[in-house]
Engineer: 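This is the structure I have questions about; it appears just below.
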There are 2 protein chains.
Amino acid sequence: MAAKSDQTRHRVADVALRMFRDIGFEKATMRAIAAEAGVSVGNAYYYFASKDDLVHELYLQVQGQHADRAAEAVVGFNDLSARLKATMHAGLDVMAPYHRFGADFIATAIRPASPVNPFNAESGSAREASLAIFRAAVDGARPGPPRRLRAELPGLLWLGYMGVTLFWVYDTSEGQRRTRKLVDGAAPLIARGLSLTRIPGVGRILDDAMDLGRTVRG
Amino acid sequence: MAAKSDQTRHRVADVALRMFRDIGFEKATMRAIAAEAGVSVGNAYYYFASKDDLVHELYLQVQGQHADRAAEAVVGFNDLSARLKATMHAGLDVMAPYHRFGADFIATAIRPASPVNPFNAESGSAREASLAIFRAAVDGARPGPPRRLRAELPGLLWLGYMGVTLFWVYDTSEGQRRTRKLVDGAAPLIARGLSLTRIPGVGRILDDAMDLGRTVRG
């Protein structure tokens, strides 16, 4: 029974994600999703209480694929710039089929009460999984980043990647090539910027900024 | 006639903003807003084609009030840190009554097609007005910011303020005091950071980052 129930859950999720991608978030109603998946509406709601839950499912799937692809993509790269580039491009590759749906995803995710909100306490495990992708990029880098930043860097990179994702949602260029350029240009700048934190004045401001971050965090 | 029509428009907008604030965005339907304003639903739609248009109206009002208050608040302050602090606190003061509505505002504004989206070409004049607030803060500062950054600084500060606004939306502390602390701490860090751009290595990275920004912009 568990196996059959799992299968149904997967089918509903797969159909929903395909419909989000192909006909858009608004038109893919729970009714339409259930019909397409060949289950009753009540059954669909049994697995996913709302479309928000389906968005959460998409978020987790995209994240899992991002982690897998990034792990492959960084193999053989030692310097942080190359590892960051590979990690961010892997994320864009995974998100690419969903570009049309990106705006709806963000409008859903940005609500403070949304289970998908990356800053929400409830989505803590999803955020942890996302942070882990950037922690892997940093941990494998040789030479390693400056010691004073090592603990905070994955979180800062993840935050920067949220910015890249927002840029990608608004990027209407073919194949979102402007976002690809942004990643190509930003990765080496980040690596260069990190080396500057060894200058005492720069390091002190950074320490103070991280203190401030810790103070104002909830 | 024009005067009467203007009056009606203002009344609908005022009622809508009060209802957004008091009962929330979802519950304040066009029907409820029209009834409260004492006009027909058709008449309300004549002035505002959708609730998005009312959100746009709120955005413009908040911005106008922010500009006025910031202009008063910076009087007598010369150093950039104090002027930035005054400017950002003025914005938070103006937004304060709408905190409950902040999440809906952002969820509406973040859609690429929304007239309220601050990154949207259509909202160009609203963005210009918002940039002007930060340009005024920078232009009046003595000593002025480093020359290499003078042109881009208002835009960067405005982008940072968008981040502060997002932080504020998620800030559930009483009176959003965590956001106030963030502003108090960030303003002097920004001023200190600017002085570091005179270090050659720092300046070069900044120049490259601004070049990248210009390259990837639409």
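We name chains A, B, ... by the order of the sequence lines, and we start the count at 1 in each one.
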Engineer: Tell me which one of A:Lys181, A:Gln176, A:Arg177 satisfies side-chain contact (heavy atoms from CB on, under 4.5 Å) with A:Thr179.
Structural biologist: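 The passing option is A:Gln176.
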Engineer: Which atoms of B:Leu166 are under 4.5 Å from chain A, going by heavy atoms: the side chain, the backbone, both sets, or neither?
Structural biologist: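 Looking at B:Leu166, just its side chain touches chain A.
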Engineer: Considering all heavy atoms of both residues, which atom of B:Ala137 and which atom of B:Leu80 are nearest to each other, and what is their separation?
Structural biologist: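 Smallest heavy-atom distance, with atoms named: O-CD1, 4.0 Å.
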Engineer: Just give me the residue among B:Asp211, B:Val202, B:Leu206 that pairs up with chain A most often, heavy atom to heavy atom, under 4.5 Å.
Structural biologist: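 Max contact count across the listed options: B:Val202.
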Engineer: If the threshold is 4.0 Å, N to carboxylate O, is there a salt bridge linking A:Asp208 and B:Arg192?
Structural biologist: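 Salt bridge: yes.
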Engineer: For B:Ile110, is it the side chain, the backbone, both or neither that has a heavy atom under 4.5 Å from a heavy atom of chain A?
Structural biologist: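 Contact with chain A involves both backbone and side-chain atoms of B:Ile110.
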Engineer: Tell me, side chain or backbone of B:Asp184 under 4.5 Å from chain A's heavy atoms, or both, or neither?
Structural biologist: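 Nothing of B:Asp184, per the 4.5 Å heavy-atom cut-off to chain A.
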Engineer: Tell me, side chain or backbone of B:Ile205 under 4.5 Å from chain A's heavy atoms, or both, or neither?
Structural biologist: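 Contact with chain A is through both the backbone and side chain of B:Ile205.
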Engineer: For the pair A:Asp93 and A:Arg180, find out whether any cationic side-chain nitrogen is under 4.0 Å from an anionic carboxylate oxygen.
Structural biologist: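 Salt bridge flag = yes for A:Arg180 with A:Asp93.
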Engineer: Using a cut-off of under 4.5 Å on heavy-atom pairs, state which of A:Leu189, A:Ile106, A:Asp171 scores highest against chain B.
Structural biologist: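 Most heavy-atom pairs within the cutoff with chain B belong to A:Leu189.
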Engineer: Could you tell me whether B:Arg204 and B:Asp207 have a side-chain N and a carboxylate O separated by less than 4.0 Å?
Structural biologist: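 Result for this pair is no, no salt bridge flagged.
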Engineer: Which atoms of A:Leu182 are under 4.5 Å from chain B, going by heavy atoms: the side chain, the backbone, both sets, or neither?
Structural biologist: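 For A:Leu182, heavy atoms of backbone and side chain both lie under 4.5 Å from chain B.
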Engineer: Which pair of heavy atoms, one from B:Ala13 and one from B:Phe48, lies closest together, and at what distance?
Structural biologist: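 Closest approach of B:Ala13 to B:Phe48, heavy atoms only: CB-CZ, 3.9 Å.
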